[in-house]
Amino acid sequence: MESTDVLVIGSGIAGLCAAIEAARAGATVAVASAGKTMSGSSFFPGTWGLGLIGPIDEDDEQDLIDTIQAVGGGVADPTLVQTFVHGIPQAIQWLEQDLGVELQRPQSAESAQQKQFIPCFDHKTRNWRGLTRKPLEDACTAQIKSLGIRLFPRHELIDLVEDTTGKIIGAVLYDRTNKHLVPMAAKATIIAAGGTGGLFERSLTSADVLSSSQAIALAHGATLTNIEFMQMMPGFIEPKRNLVFNEKTWRYVHVDQPVDIADDKLDDLLEQRSEYGPFTSRLASRAIDLAIDQAGAEGLALHYDFPREDVPEFVQTFATWLQDEHGIAPTDEMRVAMYAHAANGGIKIDKTAYTGVEGLYACGEATGGMHGADRIGGLSSANGIVFGRIAGASAAQAAQNAPEVAPKADVALPQHGIATTDAERLTRGLKHTMSTYCMINRTEAGLSKALRELESLQDEATMLSKPYVNDSEIAAYARLHSQIQLAVEMAKAMRKRTESLGSHYRAD
């Protein structure tokens, strides 16, 4: 059986930072990811660059802490927020100086003060950096090689393994290439497998964000927090799908179809909508998102009307990327729909990234508590780096303190499976239910119906399951079961929170 000191599940920013930090602390490290290495939202093909913000100086730290709490509607964990903000400057320095990642900066001090550089939901400019894929990939590749980190691409987490005391002593992975189960012993395990976007029909995450690991952790004693808060973003469906709509450009939009907004108010609402990316119920400009949602699967028709000169740097960069990378001209007709995006909640951790379950740590978008009902832009990638490093250090310490025990040779592997065609059909039903009742418009009636449909899907999956089947069918059943469980937890949390708060909008 494979074994390692620290097993990291997920190879986005959080997982890779955790792996590097654990290896630097002297632990042997393995990284398993459902897709290729360096995958998930951090390396999503639609990503032209991730914002990375932090406090300008020590005096700005408290303002950022206070703003996170205010924007988060008071549901963020104060200790996690403080740990988070205090760790960002060191994390940026670590990226640039230790790892050698070249970060983008505004072209000048003057442009850095443009309102386009004010992060989503924030009230002022911060220390802004842009994290682009190739410099990060190159730096991580070099670190992985020099530190001897073992990689297990296309190895999906199926289950965690406990000892008789409930301590996590490893995991069961599914090798998606060779289609067989792989038990892996580990002295400490870190879950960094991404958020909840994989449960929806339209998602601005890659297909390897499975949204199953939270429920696996839950089944082994972890808890979830703030799971009802999920970012939903406008994104293109025409002329190309799965591209995020840059929020700074809303002020230049011309809407090409009737909407339920008075003409004399539309321009002001579009201007306000240009200040942030994800949907929020807090601001009047939610009317724009509700109009997009009302347009349904066909999307809202619009086009850009950019000024001929004095285009802000941030907007020009996006327009150039849209034209050069995707062949979309600003004057083209576009259609925009709502997509599931980042999760603001997930596995509950403390300031050491510990889940409360011995041997189990978590970081990145799989976790919650350092954000609230809304999240300031640029803090998702910062979260991955800060708590990724913390998780790696904590897991390495736990591994070093663990007694030397020979890996178990007789790990009990899951035995029940389901035909992959049935699993695929039920998964489509799950995503349709979540997209219908758990996106923007949430109501008691809709959420109740969602829970009934999810229960029915689980019952059907149980009825169709069978023992002693091949590993592909075992993996399909485990994945489906975990996804349904996470969907149920989300729908329950949405139903329990009867007031609108940030990204959570109760239409009733």
Side-chain angles (χ1 to χ4, degrees), residues 41 44-51 116 119-121 195-197 200-205 229-261 265-306 314-315 317-319 321-322 325-326 328 330 332-344 374-378 380 434-436 438-442 502-505 507:
S41 299
F44 181 53
T47 300
W48 63 278
L50 297 171
Q116 283 77 17
C120 294
F121 300 132
T196 57
F200 296 83
E201 290 174 319
R202 287 190 303 273
S203 175
L204 289 170
T205 58
F229 300 116
M230 178 194 74
Q231 291 189 340
M232 292 160 284
M233 295 272 278
F236 293 107
I237 58 171
E238 292 289 347
K240 193 170 184 178
R241 299 181 68 86
N242 299 337
L243 295 179
V244 66
F245 188 92
N246 187 285
E247 68 273 8
K248 308 297 184 182
T249 64
W250 275 112
R251 57 176 54 91
Y252 306 115
V253 157
H254 180 81
V255 179
D256 294 330
Q257 68 185 70
V259 292
D260 191 20
I261 301 173
K265 294 183 178 179
L266 182 58
D267 286 345
D268 288 342
L269 291 172
L270 288 170
E271 181 65 30
Q272 186 182 56
R273 191 63 184 83
S274 296
E275 297 173 0
Y276 60 93
F279 166 78
T280 181
S281 62
R282 289 185 295 124
L283 302 172
S285 47
R286 66 176 179 264
I288 303 296
D289 301 83
L290 295 175
I292 296 170
D293 187 60
Q294 190 172 18
E298 297 298 315
L300 184 69
L302 51 84
H303 69 270
Y304 284 127
D305 186 13
F306 288 135
F314 205 104
V315 174
T317 300
F318 174 74
W321 172 79
L322 204 61
E325 294 291 325
H326 301 286
I328 301 174
D332 290 349
E333 181 179 291
M334 308 164 189
R335 287 189 173 269
V336 173
M338 298 305 298
Y339 283 78
H341 189 232
N344 286 356
D374 281 327
R375 172 176 56 76
I376 294 173
S380 184
M434 293 298 285
S435 299
T436 302
C438 299
M439 284 285 281
I440 286 184
N441 282 291
R442 300 170 183 174
S503 57
H504 174 67
Y505 176 59

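Model, not experiment: these values are computed from the prediction.
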Requested in this report: Working to the nearest 0.5 Å, report the span between CG of N441 and CE of M338.
Outcome: 10.5 Å
Query raised in the report: Would you call S380 and Q231 a side-chain contact if the rule is heavy atoms closer than 4.5 Å?
Result: no
Query - Charged tip of R282 within 45° of F121 ring normal and under 6.0 Å - result: yes
Query raised in the report: With a 4.5 Å limit on heavy-atom distance, are the side chains of M434 and E201 in contact?
Result: no
**Report entry** Spatial distance of atom CD (E333) from atom NE2 (H254) [nearest 0.5 Å]
**Finding:** 10.5 Å
**Report entry** Nearest heavy-atom neighbours spanning Q272 and A284
**Finding:** OE1-N, 3.6 Å
Report task. Identify the heavy atoms of T249 and N246 that sit nearest to each other, and give their distance. Result -> OG1-O, 2.6 Å
Report summary line: In this structure, CD1 of I292 is separated from OH of Y339 (nearest 0.5 Å) by 11.5 Å
Query raised in the report: Shortest non-hydrogen contact from P278 to C120?
Result: CD-SG, 4.3 Å
Query raised in the report: Are there more than 12 heavy atoms of other residues, nucleotides or ligands under 6.0 Å from atom CD of Q257?
Result: yes
Query - Minimum side-chain heavy-atom gap T280-D289 below 4.5 Å - result: no
Report task. Tell me, please, which residues at least two apart from Y252 pass ring pair (Phe, Tyr, Trp, His ring centres under 6.0 Å). Result -> F306
Requested in this report: Taking R335 for its side chain and I237 for its backbone only, find out whether a donor-acceptor pair lies under 3.5 Å.
Outcome: no
Requested in this report: Work out which heavy atom in G195 is nearest to a heavy atom in A343; give both atom names and the distance.
Outcome: CA-CB, 4.1 Å
Report task. Could you check if a side-chain atom of I328 sits within less than 4.5 angstrom of a side-chain atom of L243, using non-hydrogen atoms only? Result -> yes
Query - Shortest non-hydrogen contact from G502 toward D374 - result: CA-OD2, 3.3 Å
**Report entry** Heavy-atom side-chain proximity of M230 to F200 below 4.5 angstrom
**Finding:** yes
Query raised in the report: Taking atom NE2 of H341 and atom OG1 of T196, what is their separation to the nearest 0.5 Å?
Result: 11.0 Å
Requested in this report: Might you point out which heavy atoms bring A337 and G299 nearest each other, and give the distance in Å?
Outcome: CB-CA, 4.4 Å
**Report entry** For R202, all residues meeting salt bridge (Lys or Arg N to Asp or Glu O under 4.0 Å), sequence neighbours excluded
**Finding:** none
Query raised in the report: Below 4.5 Å, heavy atoms only, C-beta onward: do L302 and F245 meet side chain to side chain?
Result: yes
Report task. List the steps and the verdict of side-chain contact (heavy atoms from CB on, under 4.5 Å) for V259 and I288. Result -> CA-CA 9 Å; V259 292; I288 303 296; over 6 Å; no
Query - H303 and P330, any side-chain heavy atoms less than 4.5 Å apart - result: no
Report summary line: To the nearest 0.5 Å, atom OH of Y276 lies from atom OG of S285 at 2.5 Å
Query raised in the report: Is any side-chain heavy atom of D256 less than 4.5 Å from a side-chain heavy atom of L300?
Result: no
Query raised in the report: Distance-only, no hydrogens or angles: does the S281 side chain make a donor-acceptor pair with backbone N or O of Y505 under 3.5 Å?
Result: no
Query - Test item: R442 side-chain N/O and C438 main-chain N/O as donor-acceptor pair under 3.5 Å - result: yes
Query raised in the report: Under 3.5 Å, is there a donor-acceptor pair between the side chain of R241 and the main chain of E238?
Result: no
Query - R251: partners by salt bridge (Lys or Arg N to Asp or Glu O under 4.0 Å), with sequence neighbours left out - result: E271
Query - Separation between NZ of K240 and CG of L322, rounded to the nearest 0.5 Å - result: 9.5 Å
Query raised in the report: In terms of ring plane angle, is the pair Y304 and F318 parallel, tilted or perpendicular, where the classes change at 30° and 60°?
Result: perpendicular
